Amino acid sequence: IMSLPVSKRAVLASRLLCDYLANLAFTLAITIPCIIVFFIMDHFSAAVLFVTLAASLFAPVLPMMLALIINTIFASFTARFRYKNLLQSFLGIAAFVALMVANFSLSFSANSENAIDANAIFRVLVGNIYPPALLIEMTLDGEIWAIFLFVGASAAIAAIFILLLARFYEKIHNALAAKSANVAYSADKVRASSAFKTLTKREFKRLFSCPVYLLNGLSGTLLLLIAGVALIFADVQSLLTNLQINFSQAKPFLYAGIGIAIFCIGSGCPSAS
């Protein structure tokens with residue numbers, strides 16, 4: 001694409017559009033059923049439909065831009081290193097773990113003194129972890145300007161990102177595309193191997209050479225590891241008490257941990273495929 005007679009801004013915009021459409025498909029798969037249920041329970045409203053659709057269309061933009069900014073910084077920092085892909089992978093994993101730990105810590109600390117219910121969890125998620133969602137809530141409460149601020153801010157940040165990165169995109173691209181320094185060639189004996197062993201070795205080589213594959217493929221396992229470490233320090237009985245669940249009658253509820261484990265491990269499968 002870089003060899004085509006088009007501007008760097010057009011290249012960046014086309015890449016962003018592909019990412020946006022993939023994220024939008026995932027967003028709509030979640031929001032459309034929620035909107036349908038909301039209208040069934042609260043009756044149809046054209047104004048609410050406009051707000052929810054506008055929010056859904058622009059919801060992926062800010063998280064996507066934040067991810068791309070972090071990824072661009074990592075790519076710029078590691079572009080000149082020989083093992084840049086592996087280094088990017090470890091930086092991405094470190095950022096992912098730090099984000100998850102910060103979110104869990106914030107959630108527990110915000111509700112440590114109060115009984116946890118659905119409203120309290122909503123307040124933590126919206127008010128502390130993702131403040132832009134407050135603009136959607138304000139709009140539904142009657143502040144119609146808030147949705148336009150949400151849409152405008154999302155579009156403006158994407159445009160600024162394209163304009164700024166276009167100035168350095170070619171340098172970053174050339175550095176990432178550059179081959180590592182040549183090393184002395186040494187002839188080794190060719191060893192016979194089974195097809196399964198060869199494909200497995202190739203897959204692991206691919207895993208550790210592609211930062212996106214490594215992070216997405218291992219994210220569920222990392223979440224499971226973080227949850228396991230958290231259980232060492234968390235008082236499950238106090239947590240269930242805050243949830244207003246009688247601990248003596250909650251043992252069947254604890255079997256949900258098996259489902260959580262299966263979910264965390266299984267979440268890597270789509271990326272692996």
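This one's a predicted model, so the numbers in the text were calculated from it and none came from an experiment. The first residue in the sequence is number 1, and the count goes up from there.
In this structure, the separation between CG on Asp19 and OG on Ser14 is 10.0 Å, given to the nearest 0.5 Å. Once rounded to the nearest 0.5 Å, the distance linking CD1 of Ile70 with CE of Met65 reads 11.5 Å. Atoms CD1 and CG, from Ile144 and Leu149 in turn, are 12.0 Å apart once rounded to the nearest 0.5 Å. Between atom CZ of residue Arg9 and atom CG of residue Leu16 there is a gap of 14.0 Å, rounded to the nearest 0.5 Å. Note that CE of Met64 is 10.5 Å distant from OG1 of Thr27, once rounded to the nearest 0.5 Å. How far NZ of Lys201 is from CG of Leu199: 12.5 Å, rounded to the nearest 0.5 Å.
Considering only heavy atoms from C-beta on, Phe150 stays 4.5 Å or farther from Thr139 through its side chain. With contacts defined as side-chain heavy-atom distances shorter than 4.5 Å, the pair Thr31/Thr52 does not qualify. Using a 4.5 Å heavy-atom cutoff, the side chains of Phe38 and Leu49 are not in contact. Taking 4.5 Å as the limit, every side-chain heavy atom of Ser56 sits out of range of all side-chain heavy atoms of Leu24. Contact annotation: the side chain of Val61 never approaches that of Ile157 to less than 4.5 Å [non-hydrogen atoms, C-beta and beyond]. Using a 4.5 Å heavy-atom threshold, the side chains of Leu165 and Leu12 count as touching. In this structure, the side chains of Trp145 and Met138 come closer than 4.5 Å at one or more pairs of heavy atoms.
Under a hydrophobic-cluster definition in which Ile, Leu, Val, Met, Phe, Trp and Tyr are linked whenever side-chain heavy atoms come within less than 4.5 Å, directly or via other members, Phe26 and Leu68 are assigned to different clusters. Note on Phe44: it clusters hydrophobically with Leu140, by side-chain heavy-atom contacts below 4.5 Å among ILVMFWY residues. Ile30 and Val48 fall into different hydrophobic clusters, defined by Ile, Leu, Val, Met, Phe, Trp and Tyr side-chain heavy atoms under 4.5 Å apart, directly or through other members. In this structure, Val37 is not a member of the same hydrophobic cluster as Leu28, with clusters built from ILVMFWY side-chain heavy atoms closer than 4.5 Å. The cluster map of Ile, Leu, Val, Met, Phe, Trp and Tyr, joined by side-chain heavy atoms under 4.5 Å apart, puts Phe50 and Phe39 in the same cluster.
For Leu62 against Ala153, the heavy-atom pair with the smallest separation is CD2-O, 4.4 Å. Closest heavy-atom contact between Thr198 and Ser193: OG1-OG, 3.4 Å.
The side-chain hydrogen bond (donor to acceptor under 3.5 Å, both in side chains) search around Glu170 returns none, not counting sequence neighbours.
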Stepwise side chain to side chain contact (heavy atoms under 4.5 Å, CB included) check, Leu164 with Tyr169: CA-CA 9 Å; Leu164 291 179; Tyr169 188 65; over 6 Å; no

